[in-house]
Amino acid sequence: MPDAHEGKPVGRAVFLTTVAAGVTSLLWGRGVWSRVSSAISPVESLVPLVPTGGWRIYTVSGSMPRFDPATWRLEVGGAVGRPAALDIHELRALPRVDQVSTFHCVTGWTVKNVRWGGVRIADVLAHVQPQPGATALRFVSAEEPYDDYLTMEQAALPDVLLAYEMDGKPLPREHGAPLRLVIPDMYGYKNVKWLKRIEVVPKEGTGYWEGYGYDQDAWVGHSNGYGT
Ligand SMILES: Nc1nc2c(c(=O)[nH]1)N[C@H]1C(S)=C(S)[C@@H](COP(=O)(O)O)O[C@H]1N2
Ligand SMILES: [Mo]
């Protein structure tokens with residue numbers, strides 16, 4: 001847990017109360033919007049004083065995985081001929097892509113012109129021999145139980161990448177270090193942070209926020225939510 005509240009028993013107590021309230025209202029909430037906003041708001045309350053450049057930092061567990069370059073691996077498995085585990089150096093040795101794109105959260109906030117650096121999913125999958133007939137990918141976060149899915153076609157869109165850099169610097173911890181999924185044509189909830197595993201699967205399952213009623217296909221402007 002970062003910054004302002006660290007070492008302050010009062011702040012910690014307030015946070016826990018807020019989480020308890022959020023979790024309780026998950027049960028009361030009538031619509032998906034009230035459930036989602038009450039689940040997210042405790043996280044926003046964690047980072048009130050940090051300048052975020054328009055970002056809001058989200059977690060579903062209230063804690064952020066810590067990146068250790070010595071032990072971190074991106075596991076790639078599931079319906080593949082040859083599972084792999086890439087360390088950060090192997091990942092960075094893959095062909096690098098750079099792009100500038102706009103990031104939209106389904107709750108309505110947007111960050112324009114984010115500069116991402118990373119690798120294409122296809123270049124990672126080339127290592128593992130996906131079985132023919134597997135139609136989707138599951139992206140698993142080290143922040144349990146967060147995950148989400150893309151179809152193979154969606155994952156192959158030209159502006160989809162696995163990002164290890166943001167705005168010219170290594171991806172910061174709060175944004176998912178060392179690796180996050182970036183799919184600018186879909187809302188933020190598809191952009192899984194703290195990525196630790198990619199599974200090739202026969203078909204899409206239910207991702208974390210889809211379990212609370214959000215659309216499987218999170219196209220910006222063409223799926224449920226408040227964003228534009
Ligand atoms: N592991 C994990 N990834 C996540 C989330 C999360 O809570 N946990 N929130 C998602 C949502 S809803 C959004 S809008 C973006 C927010 O990205 P940021 O925290 O870098 O601002 O992360 C997405 N990826
Ligand atoms: Mo979001």
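One-based numbering, in listed order, for ligands and for the atoms of each.
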- What orientation do Y187 and Y189 show, parallel under 30°, tilted 30 to 60°, or perpendicular over 60°? parallel

A student checking ligand 1 against V60 at a 4.0 Å heavy-atom cut-off should list atoms 7 (O)

At under 4.0 Å between heavy atoms, what of F103 touches ligand 1? The answer is side chain

The answer for which part of T59 has a heavy atom under 4.0 Å from ligand 1 is backbone

The answer for which part of Y214 has a heavy atom under 4.0 Å from ligand 1 is neither

Looking only at non-hydrogen atoms, the one of M64, K193, H104 nearest atom 19 (O) of ligand 1 is K193

Exercise for review: Specify whether W55 and F103 have parallel, tilted or perpendicular ring planes, treating 30° as the upper limit for parallel and 60° as the lower limit for perpendicular.
Suggested key: tilted

Scanning both residues in full, the closest heavy-atom pair of A163 with L171 reads O-CD2, 3.7 Å

Under the 3.5 angstrom rule, does the side chain of K193 hit a backbone N or O of Y58 as a donor-acceptor pair?
-> yes

Under 4.0 Å from one or more heavy atoms of S141, ligand 1 contributes atoms 1 (N)

Under 4.0 Å between heavy atoms, the region of W194 that gets near ligand 1 turns out to be side chain

Taking only non-hydrogen atoms of I57 and a 4.0 Å limit, the atoms of ligand 1 in range are 19 (O)

Side-chain contact, heavy-atom cut-off 4.5 Å: V114 with V182? no

Counting heavy atoms under 4.0 Å, the part of R56 that contacts ligand 1 is backbone

Review point. Does W109 come within less than 4.0 angstrom of ligand 1, counting non-hydrogen atoms of the residue?
Key: yes

### Query
So is K190 in contact with ligand 1, going by heavy-atom distances below 4.0 Å?
no

Inset, instruction - Evaluate the salt bridge (Lys or Arg N to Asp or Glu O under 4.0 Å) criterion for residues K190 and E210: first the C-alpha distance (whole Å), next the side-chain angles of each, then the deciding distance (0.1 Å), finally the verdict. - result: CA-CA 10 Å; K190 288 282 184 177; E210 287 85 341; 3.0 Å; yes

Contact region, E143 to ligand 1, non-hydrogen atoms below 4.0 Å, reads side chain

Near H175 (heavy-atom distance under 4.0 Å), the atoms of ligand 1 are 18 (P), 20 (O), 21 (O)

Numbered in order shown, the ligand 1 atoms found under 4.0 Å of a heavy atom of Y189 are 10 (C), 11 (C), 12 (S)

Among E144, R180, M166, E174, the residue with a heavy atom nearest to atom 22 (O) of ligand 1 is R180

* Other residues, nucleotides, ligands: >12 heavy atoms within 6.0 Å of E144 CD -> no

Scanning both residues in full, the closest heavy-atom pair of V60 with P145 reads CG2-CD, 4.2 Å

**Prompt:** Would you say the side-chain atoms of S141 pair up with the backbone N or O of L195, donor to acceptor, closer than 3.5 Å?
**Reply:** no

Under 4.0 Å between heavy atoms, the region of Y58 that gets near ligand 1 turns out to be both

Are any of the N/O atoms in W209 less than 3.5 Å from those in ligand 1?
no

task: Measure from the side-chain N and O atoms of R180 to the backbone N and O of N191, and report whether any donor-acceptor pair falls under 3.5 Å.
output: yes

request  = Compare all side-chain heavy atoms of D159 with those of S101 and state whether any distance is below 4.5 angstrom.
outcome  = no

request  = Report yes if W55 has an N/O atom closer than 3.5 Å to an N/O atom of ligand 1; otherwise report no.
outcome  = no

